[in-house]
Amino acid sequence: MSTTLVIHGGAGTIRREEMSAAREAEHQAALEAALAAGGVVLAQGGSALDAVEQAVRALEDCPLFNAGRGATFTAAGTIEMDAALMDGATLQAGAVAAVQRIRNPIAAARAVMERTPHVLLIGPAADDFAEAEGLALAPPEYFRTEHRWQQLQAALATRRVALDHDLPARMGTVGAVARDRDGRLAAATSTGGMTNKRAGRVGDSPLIGAGTWADATVAVSCTGVGEAFIRCAAAHELSALMRHRGFPVRQAAAEVAEILVPANGGSGGLIAVDAAGEPAIAFGTAGMYRGVLRAGAAPETGIYA
Ligand code: ASP
């Protein structure tokens, strides 16, 4: 059976007229590298879970995106990261929130899933857990990038809590969904959250059913104003629309991203893949960094609507 990998690098006010060709090429290359990192896992017969973890790790390591290195700052000038993944084949899930020292928060989410009886660990205790499990840590300077610092200053000046990509340098939260050769689905999401968020604020990304979800029907990863996604259990709702109302994946994705999330006071987008490997990408913003890799086809990436 054929494999599919879909990734995103955040949704927001991304406009062609405000992007230089060099910047666009840089993002495209980063998206392609992440597709390759997850794609090789799927091509070798690996699991959807491994594929989404590898794709998200590649995006966390890239300072262009708001996850891992390059994450956004809180109002307190700290970096607090959230991440989650879910295995649709087993309904096992793991997540971390408000972590500050873990180099790859998605790896910690996986460790929570596989090495504890829990789903979500938060704050310094989650950092300590990762350290005890031997995961790679990094000092604050590793995560800090100048453009994110400038975004915080701009947000503080206007008292806005903003999606990082709504501010001058627009780059986003990252996520991946995959269907493997055996038909298993998985989803992963990782983020620094929103620029100028209150310290301690947790968004939708690490909340299973809100920003991240996978079951036997569909795998979903969201990006956007987290509070709106939490209020409508966005990722799980997409699955519910498919299972209970018979919506095809694209229709369910559009319903959630274009109708439900805005109705709950936010904007954003999502990626999904169904059990047949059909990908869906939907967003109610000017743009969303995204990529699709289907077995036997060339990778596709996109930025604008
Ligand atoms: N959804 C993320 C959050 O609210 C932010 C984003 O997707 O850019 O934390």
Side-chain angles (χ1 to χ4, degrees), residues 6-14 27 56 59-60 62 64-68 70-75 78-85 95-100 105-106 109 120 122 143 145 147-148 151-152 155 160-177 187-213 220-238 256-257 260-262 264-272 281-290 303:
V6 190
I7 60 171
H8 71 76
T13 317
I14 314 166
H27 280 88
V56 166
L59 294 165
E60 286 179 338
C62 174
L64 292 174
F65 299 100
N66 171 21
T72 52
F73 287 92
T74 68
T78 52
I79 287 180
E80 298 185 355
M81 299 169 286
D82 301 337
L85 49 66
V96 291
V99 296
Q100 301 196 356
I106 200 66
L120 172 61
I122 64 164
F143 300 103
T145 50
H147 67 268
R148 295 286 181 221
Q151 282 183 334
L152 174 63
R160 282 179 67 202
V161 177
L163 287 176
D164 56 301
H165 22 261
D166 285 343
L167 289 160
R170 303 165 184 80
M171 307 129 191
T173 288
V174 308
V177 295
T189 312
S190 182
T191 187
M194 294 180 71
T195 300
N196 199 23
K197 68 183 181 184
R198 186 179 280 265
R201 177 263 192 188
V202 174
D204 60 315
S205 310
L207 302 183
I208 299 304
T212 306
W213 178 261
V220 188
S221 172
C222 302
T223 172
V225 179
E227 284 71 9
F229 285 80
I230 294 170
R231 286 187 197 109
C232 64
H236 183 269
E237 185 65 18
L238 195 161
V256 172
L260 215 53
V261 168
N264 281 279
S267 63
L270 56 85
I271 54 173
I281 295 171
F283 50 98
T285 49
M288 179 162 95
Y289 296 108
R290 56 197 188 270
I303 299 178

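Numbers here are sequence positions counted from 1. Atoms within each ligand, like the ligands themselves, are counted from 1 in listed order.
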Is there any N or O on [X] that sits under 3.5 Å from an N or O of ligand 1?
X      : answer
Thr223 : yes
Cys222 : no
Asp82  : no
Gly224 : yes
Thr173 : yes
Asp204 : yes

Can a non-hydrogen atom of Arg201 be found less than 4.0 Å from any atom of ligand 1? yes
Over 60° means perpendicular and under 30° means parallel, so classify the ring planes of Tyr289 and His27, tilted if in between.
parallel
Applying side chain to side chain donor-acceptor pair (under 3.5 Å) to Ser221 and not counting sequence neighbours gives His8, Thr189
Between the CD atom in Glu80 and the CD1 atom in Ile122, the distance rounded to the nearest 0.5 Å is 10.0 Å
Heavy atoms, side chains only, cut-off 4.5 Å: are Arg201 and Met194 in contact? yes
Quick one, Glu237 and Cys232 - any side-chain contact, counting heavy atoms below 4.5 Å?
no
Closest non-hydrogen atoms of Ala84 and Ala95, given as atom of the first, atom of the second and distance, are CB-CB, 3.7 Å
